[in-house]
Every structure is written in C-alpha cells, then in structure tokens.
Amino acid sequence: MPLLPRQLILRYISRASLALAFALVQSHIIAVEFPPDKYRASVAGAFGVVTGHPYWKEFQSRVLSPYIVLWISRITHNYLTAHFIFGLLALTAAGYLAWELGLRVGGISSPQ
C-alpha cells in the first residue's frame, strides 16, 4: 500500500530527527573527549585555510568546508560556533544518508 504524502513527510522528518539526535550525542562525545585547546587548534587551521595562512604545511584536502563555516559565521558572528554548527549539520546529514542508503541496499525486514 503506497504511503500518503503526509505519511511520507512524517517518515522523513522522524528519520531526520533521529539523525539529529545521534549527531548531538556524537557532538557531545567530541566535546567531552577532545581537549578544548586541540579543538580550537583545529578551528584555527580551518580559519587559516580561509585567510590563506594555514598553520600546517601539509596539503589541505578540505577546501570547501572552511568557506561554508565562514558563511555560517556571518550569521553567528563567531567562527568557533559556526564550526560547531557545521559539524553538527554534517554529522546529521551523514547519519541520515547512511540510514537511507542502508534501507535502499538492505531493504526493510518488517512485513508490509
């Protein structure tokens, strides 16, 4: 039996909400386990890419994300806060996409 549009929207919202909840838990684990000075150093490295002066000499493969964080920081007025928000959004998107991929590849085991 096909799902009605409202049921389909509610299903996607519930999956996205669960992905956000898991992203919040992961962000909390990062905040607890990652020393604040090392997290700030990571943020400073990302900001250095934007300003053209990263503090490390290795090749920076994440070129787009520091600019996305810079765009978010125009709203938050703080690059550190924007970095955290971007991480939360990225974890949420990754969790949601992994769930959808798992359903498409593995299917649903419950009877319809």
Side-chain angles (χ1 to χ4, degrees):
M1 175 181 217
L3 292 174
L4 298 174
R6 180 178 176 183
Q7 291 173 321
L8 193 59
I9 291 170
L10 288 176
R11 178 178 283 183
Y12 286 125
I13 289 174
S14 65
R15 290 176 184 171
S17 299
L18 194 55
L20 177 62
F22 282 123
L24 285 169
V25 170
Q26 291 171 340
S27 295
H28 178 73
I29 291 170
I30 290 169
V32 169
E33 295 296 325
F34 211 171
D37 57 330
K38 297 206 183 246
Y39 186 76
R40 280 184 170 55
S42 175
V43 173
F47 190 68
V49 170
V50 172
T51 61
H53 301 95
Y55 65 87
W56 60 82
K57 299 290 184 190
E58 290 86 21
F59 174 72
Q60 172 59 286
S61 61
R62 297 169 290 144
V63 176
L64 182 59
S65 62
Y67 289 101
I68 295 172
V69 174
L70 181 65
W71 179 75
I72 295 171
S73 73
R74 292 174 193 233
I75 298 167
T76 64
H77 303 292
N78 186 334
Y79 198 82
L80 183 65
T81 303
H83 193 275
F84 177 79
I85 290 171
F86 176 76
L88 187 64
L89 292 174
L91 285 171
T92 302
Y96 181 81
L97 292 173
W99 187 336
E100 287 296 321
L101 182 64
L103 286 177
R104 289 177 190 231
V105 172
I108 300 173
S109 61
S110 63
Q112 305 249 346

For residues 92-104, please give each side-chain donor-acceptor pair under 3.5 Å, one per line with the distance, not counting sequence neighbours.
unit_1	atom_1	unit_2	atom_2	d
Thr92	OG1	Leu88	O	2.8
Glu100	OE2	Arg15	NH1	2.6

* Other ILVMFWY residues reachable from Val25 by side-chain steps of under 4.5 Å -> Ile29
* Taking atom CG of Leu8 and atom CZ of Arg6, what is their separation to the nearest 0.5 Å? -> 13.0 Å
* Kindly work out whether a path of hydrophobic side-chain contacts (I/L/V/M/F/W/Y, heavy atoms less than 4.5 Å apart) joins Leu20 to Leu89. => no
* Any chain of hydrophobic side-chain contacts (each under 4.5 Å) joining Trp71 to Val50? -> yes
* Asked: Does one hydrophobic cluster hold both Ile72 and Leu24, with members joined at side-chain heavy-atom distances below 4.5 Å?
  -> no
* **Stepwise side-chain contact (heavy atoms from CB on, under 4.5 Å) check, Val43 with Phe84** => CA-CA 9 Å; Val43 173; Phe84 177 79; over 6 Å; no
* 4.5 Å side-chain heavy-atom contact, Pro66 and Phe86 -> no
* Between CD1 on residue Ile85 and CG on residue Leu80, distance to nearest 0.5 Å -> 10.0 Å
* To do: Supply the atom-to-atom distance His28 NE2 to Glu33 CD, rounded to the nearest 0.5 angstrom.
  => 9.0 Å
* Leu70 and Ser73, any side-chain heavy atoms less than 4.5 Å apart -> yes
* List, by chain and then residue number, the residues other than Leu10 in its hydrophobic cluster (Ile/Leu/Val/Met/Phe/Trp/Tyr, side-chain heavy atoms under 4.5 Å); write none if there are no others. => none
* Would you indicate whether Phe22, at its atom CZ, is surrounded by more than 12 heavy atoms from other residues, nucleotides or ligands within a distance under 6.0 Å? => no
* For Tyr39 and His83, run side-chain contact (heavy atoms from CB on, under 4.5 Å): C-alpha distance rounded to whole Å, both residues' side-chain angles, the deciding distance at 0.1 Å, then the answer. => CA-CA 10 Å; Tyr39 186 76; His83 193 275; 2.9 Å; yes
